[in-house]
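Structure, as structure tokens:
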Amino acid sequence: MDSLAAIVEPLLEWYGRNARSLPWREEPAPYRVWVSEIMLQQTRAEAVKPYFARFLTELPDVPALASAPEQQLMKLWEGLGYYSRARNLQKAARVMVEQYGGTLPADYDALLKLPGIGPYTAGAVASIAYGIPVPAVDGNVLRVVMRLTAGWEDIADPAVKRAVERRMAEILPKDRPGDFNQAMMELGATVCAPGGEPKCLVCPLNALCEGYRQGIARELPVKAKKKARRIEERTVFLLVCDGELAIRKRADSGLLAGLWELPSAEGKLNPEGAAETLQEWGAQPVSIREMPAAKHIFSHVEWHMTGYWVDLTERPEGFTWAERETLQQEYALPSAFRAYLEAFTK
DNA sequence: AACCCGGGGTA
DNA sequence: TACCCAGGGTT
């Protein structure tokens with residue numbers, strides 16, 4: 001198949017009848033489109049919905065985002081993952097306030113220069129919010145194109161992505177770039193879906209699909225395997241004093257940067273090692289109880305956690321203390337710790 | 001080019 | 001389990 005030009009018309013027709021109703025789609029103001037696109041990076045639309053609603057309520061425009069306290073920002077992002085997205089969102093908002101009068105630049109290259117905005121997001125915002133004719137190639141589009149063309153290229157290869165961007169640019173309808181880009185993604189998300197059997201029988205493009213004709217759509221796309229996760233042992237401490245729990249802020253770079261955590265130490269500490277660590281922290285336990293093991297899986301790391309419940313009557317320095325309720329409402333605590341806490345406390 | 005960065009859904 | 005998800009930044 002030389003050109004994919006033939007897919008444009010049936011795809012747009014299908015999209016007009018089948019587009020999901022999504023909050024950022026109903027009212028595609030640039031700020032809303034941008035925030036939604038950042039949240040949607042590596043994240044399913046269904047997961048984004050509640051976060052998007054809360055975020056837009058609390059931070060309704062670029063200036064509000066630019067001046068938001070870190071604590072509020074991270075709390076709004078808590079549980080969504082890839083927390084640098086939130087920090088870059090605010091960095092970009094500040095650039096917009098300083099350089100663009102508090103609005104998003106209506107220009108692909110200017111968008112691309114902003115923190116957190118790469119080729120996909122720049123294309124999505126430019127085309128959806130401003131009608132600028134540029135492609136937006138994400139995982140959905142790569143999958144759809146590889147199946148349409150029966151292509152066995154490795155979609156993990158950046159050169160393959162660039163080639164697909166070129167092909168999309170060639171056929172992009174200049175009058176409806178935003179609809180076209182969204183239609184490709186919508187098809188990939190709901191019909192030409194990953195995992196399991198694609199719904200070729202209801203696909204508006206099946207008559208044009210080489211992967212379907214050859215019966216290999218299910219096998220595509222090809223993607224190079226990722227490296228296996230490394231395993232890290234951690235020992236978590238529930239330090240309890242007067243009904244309050246000790247937490248502390250994580251380093252501002254690396255995994256879960258700048259979020260809060262339960263005090264923890266590397267390795268699987270036995271009771272003697274735990275006592276030693278508590279001594280280093282200046283904690284004088286009234287009682288120590290060993291807690292069950294738990295596992296938390298990140299995309300590239302696996303934490304094997306054990307823990308100790310430690311009752312204290314005096315508070316060592318270097319920690320922040322919070323009641324369960326306050327912790328819940330005020331502090332951004334990553335899922336790994338939240339799950340551990342909820343599993344072993346009432 | 002390789003690695004880092006979350007959390008949840010799904011087969 | 002392993003893979004995927006409206007990816008981007010750093011080295």
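A note on names: the letters A, B, ... follow the listed sequences, proteins ahead of strands, and every chain is numbered from 1. Bear in mind that the values here come from a model prediction, so they are computed numbers and not experimental data.
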| task | Would you indicate, yes or no, if C:dT1 has its OP1 or OP2 atom less than 4.0 angstrom from a side-chain nitrogen or oxygen of A:Lys225? | result | no
| field | C:dA6 versus B:dA11 - spacing of their P atoms, nearest Å | value | 14 Å
| request: Compute the centroid of each ring, for A:Trp281 and then for A:Phe237, and state whether the two points are separated by less than 6.0 Å. | output: yes
| query | Can you tell me how far P of C:dG8 sits from CG of A:Asp138, to the nearest Å? | reply | 9 Å
| request: Rounded to the nearest angstrom, tell me the gap between atom CZ in A:Arg229 and atom C1' in B:dG8. | output: 13 Å
| request: Identify whether the distance between the nearest side-chain nitrogen and carboxylate oxygen of A:Glu165 and A:Arg162 falls below 4.0 Å. | output: no
| Which nucleotide in C:dC4, C:dG7, B:dG6 has an atom nearest any side-chain atom of A:Leu256 | B:dG6
| said: Please confirm whether the shortest side-chain N or O distance from A:Arg87 to OP1 or OP2 of C:dG9 is below 4.0 Å. | reply: no
| request: For A:Ile117 and for A:Arg25, find the nucleotide of DNA chain C with the closest heavy atom, then tell me which residue's nucleotide is more 5'. | output: A:Arg25
| field | N/O donor-acceptor pair, side chain A:Thr121 with base C:dG8, under 3.5 angstrom | value | no
| In terms of side-chain geometry, is the basic nitrogen of A:Glu302 or A:Arg230 positioned less than 4.0 Å from the acidic oxygen of its partner? | no
| task | Starting at atom CZ of A:Phe298, determine the distance to atom C1' of C:dC4, rounded to an integer number of angstrom. | result | 18 Å
| query | Any donor-acceptor pair under 3.5 Å between the side chain of A:Arg44 and the base of C:dC4? | reply | yes
| task | For A:Arg338, report the nucleic acid contact type (base, sugar-phosphate, nothing); a contact means any heavy atom under 4.0 Å. | result | nothing
| Criterion ring-ring contact (aromatic ring centres under 6.0 Å, His included) on A:Phe337 and A:Trp303, from CA distance to verdict | CA-CA 11 Å; A:Phe337 297 104; A:Trp303 274 0; 5.6 Å; yes
| query | Does OP1 or OP2 of C:dG9 have a side-chain N or O of A:Tyr82 closer than 4.0 Å? | reply | no
| Sugar-phosphate, base or nothing in reach of A:Gly188, heavy atoms under 4.0 Å | nothing
| note | So CZ of A:Arg143 and CG of A:Leu187: to nearest 0.5 Å the spacing works out to 9.0 Å
| query | Checking all strands, does A:Ile38 fall into the base, sugar-phosphate, or nothing category for heavy-atom contacts under 4.0 angstrom? | reply | nothing
| request: Report yes if a side-chain nitrogen or oxygen of A:Gln41 is closer than 4.0 Å to either non-bridging phosphate oxygen (OP1 or OP2) of C:dG7; otherwise report no. | output: no
| query | Once you round it to whole Å, what is the distance between P of B:dA1 and NZ of A:Lys227? | reply | 17 Å
| query | Given atom CG of A:Asp157 and atom C1' of B:dA1, what is their separation to the nearest angstrom? | reply | 10 Å
| said: Base, sugar-phosphate or nothing for A:Lys113? Non-hydrogen atoms, less than 4.0 Å. | reply: nothing
| field | Separation of the C1' atoms in C:dC4 and B:dG6, to the nearest angstrom | value | 14 Å
| said: If I take atom CG in residue A:Asn88 and atom P in nucleotide B:dC5, what distance separates them, rounded to the nearest angstrom? | reply: 14 Å
| message | Tell me the interatomic distance from A:Trp303, atom CH2, to B:dG7, atom C1', rounded to whole angstroms. | response | 13 Å
| task | Take the protein atom CG of A:Leu112 and the nucleotide atom P of C:dG8, then report the distance between them rounded to whole Å. | result | 9 Å
| Between A:Glu330 and A:Lys75, is there a side-chain N and carboxylate O pair less than 4.0 Å apart? | no
| request: Using a heavy-atom cut-off of under 4.0 Å over every strand shown, decide if A:Leu22 touches base, sugar-phosphate, or nothing. | output: base
| said: Using a strict threshold of under 4.0 Å (side-chain N to carboxylate O), is an ion pair present between A:Arg315 and A:Glu244? | reply: yes
| request: Determine the contact category for A:Ser335: base if any of its heavy atoms lies under 4.0 Å from a base atom, sugar-phosphate if only primed atoms, P, OP1 or OP2 are that close, otherwise nothing. | output: sugar-phosphate
| message | For the P atoms, the ones on B:dC3 and on C:dC3, what distance do you get once it is rounded to whole angstrom? | response | 16 Å
| query | Hey, which of these two, A:Ala159 or A:Tyr83, hits DNA chain B nearer its 5' end, going by closest nucleotide? | reply | A:Ala159
| field | Side-chain N or O of A:His300 closer than 4.0 Å to phosphate OP1/OP2 of B:dG6 | value | no
| query | Side chain of A:His296: nearest nucleotide among B:dG7, C:dA6, C:dC4? | reply | B:dG7
| message | Using heavy-atom distances to pick each residue's nearest nucleotide on DNA chain B, tell me which of A:Ala47 and A:Ser253 is more 5'. | response | A:Ser253
| task | Please work out if A:Glu186 contacts a base, only the sugar-phosphate, or nothing of the nucleic acid, heavy-atom cut-off 4.0 Å. | result | base
